[in-house]
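For reference, the structure is listed below as structure tokens.
All heavy atoms count here, side chains included; hydrogens, waters and symmetry mates do not.
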Amino acid sequence: MSEMGLLGAAGAFKKNLLDLRQRRQEIITSNVANADTPGYKARRLNFEAQLAEAMSPPPGELALARTDGRHFPNDGFMPATGELQEVESAISKGDGNTVDMEQEMAQQTANQLLYNYAAQSLSGQISRLRMVIDGGK
């Protein structure tokens, strides 16, 4: 079980998401750096399905419902780690390298946008918590 802290399960989820997007960015960067390396196999970090499961109760168990604000929050979040897979390329370069620069640039752009969105969401949550601690000042 992850450390929840003041931000709760939502904060832990967002932190895990940012960590995974950072790791994905590093893998994309590695793919781009090896675009001309013979035999290099491009890789992808897949984590979306695992992350969705991290917020769900295990199979056969019912989700906890918080029906009153005085109930303790459900802190059953288990961080996702992602799965690294090699990419099969439809374009053959003849040297065994599977890096497709157009695909890498598209992946990088999408990942960067989603990272920024998650960072803004976590920042907003921290700002609201800070406002509560400061008493709305």
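- Annotation: side-chain contact (heavy atoms from CB on, under 4.5 Å) contacts of Ala35 (sequence neighbours excluded): Val99, Met101.
- Remark: the backbone N or O of Pro38 is not paired with any side-chain donor or acceptor of Asn97 at under 3.5 angstrom.
- Inter-residue side-chain proximity for Phe47 and Arg21 is flagged as met; some heavy-atom pair is nearer than 4.5 Å.
- If you take CD on Gln22 and CD1 on Ile27, they are separated by 10.5 Å, rounding to the nearest 0.5 Å.
- With sequence neighbours excluded, no residue forms a side-chain hydrogen bond (donor to acceptor under 3.5 Å, both in side chains) with Gln108.
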Please determine whether side chain to side chain donor-acceptor pair (under 3.5 Å) holds for the pair Gln107 and Asn111, giving the CA-CA distance in whole Å, both sets of side-chain angles, and the decisive distance to 0.1 Å.
CA-CA 6 Å; Gln107 291 281 328; Asn111 191 57; over 6 Å; no
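- For the atom pair Thr98 OG1 and Gln103 CD, the distance stands at 11.5 Å (nearest 0.5 Å).
- In this structure Arg44 satisfies the salt bridge (Lys or Arg N to Asp or Glu O under 4.0 Å) test together with Glu104, sequence neighbours excluded.
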Compile the donor-acceptor pairs under 3.5 Å between side chains in residues 7-19 and protein atoms, sequence neighbours left out, one pair per line.
from: Lys14; atom 1: NZ; to: Ser121; atom 2: OG; distance (Å): 3.1
from: Lys14; atom 1: NZ; to: Gln125; atom 2: OE1; distance (Å): 3.0
from: Lys15; atom 1: NZ; to: Asp19; atom 2: OD2; distance (Å): 3.0
from: Asn16; atom 1: OD1; to: Ala80; atom 2: N; distance (Å): 2.7
from: Asn16; atom 1: ND2; to: Ala80; atom 2: O; distance (Å): 3.0

Please table the atom pairs, donor to acceptor, closer than 3.5 Å between any side-chain atom in residues 126-135 and protein atoms at least two apart or in another chain.
from: Ser127; atom 1: OG; to: Ser123; atom 2: O; distance (Å): 3.0
from: Arg128; atom 1: NH1; to: Gly124; atom 2: O; distance (Å): 3.3

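- The distance from atom OH of Tyr115 to atom CD of Gln25, rounded to the nearest 0.5 Å, is 9.5 Å.
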I would like to know whether Met105 and Ile28 meet side chain to side chain contact (heavy atoms under 4.5 Å, CB included); could you show each step before the answer?
CA-CA 8 Å; Met105 293 298 109; Ile28 293 169; 5.8 Å; no
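- The salt bridge (charged side-chain N to carboxylate O under 4.0 Å, His left out) pairs that include a residue from residues 82-91 number zero, where partners must be two or more places apart or lie in different chains.
- Closest approach of Leu20 and Leu45 over heavy atoms only: O-CD2, 3.7 Å.
- Atoms CG and CZ, from Leu84 and Arg24 in turn, are 10.5 Å apart once rounded to the nearest 0.5 Å.
- With sequence neighbours excluded, the residues forming a side-chain contact (heavy atoms from CB on, under 4.5 Å) with Ser30 are Asn34, Tyr40, Arg43, listed by chain and number.
- Evaluation of the side-chain hydrogen bond (donor to acceptor under 3.5 Å, both in side chains) rule for Asn46 yields Gln85 as partners, not counting sequence neighbours.
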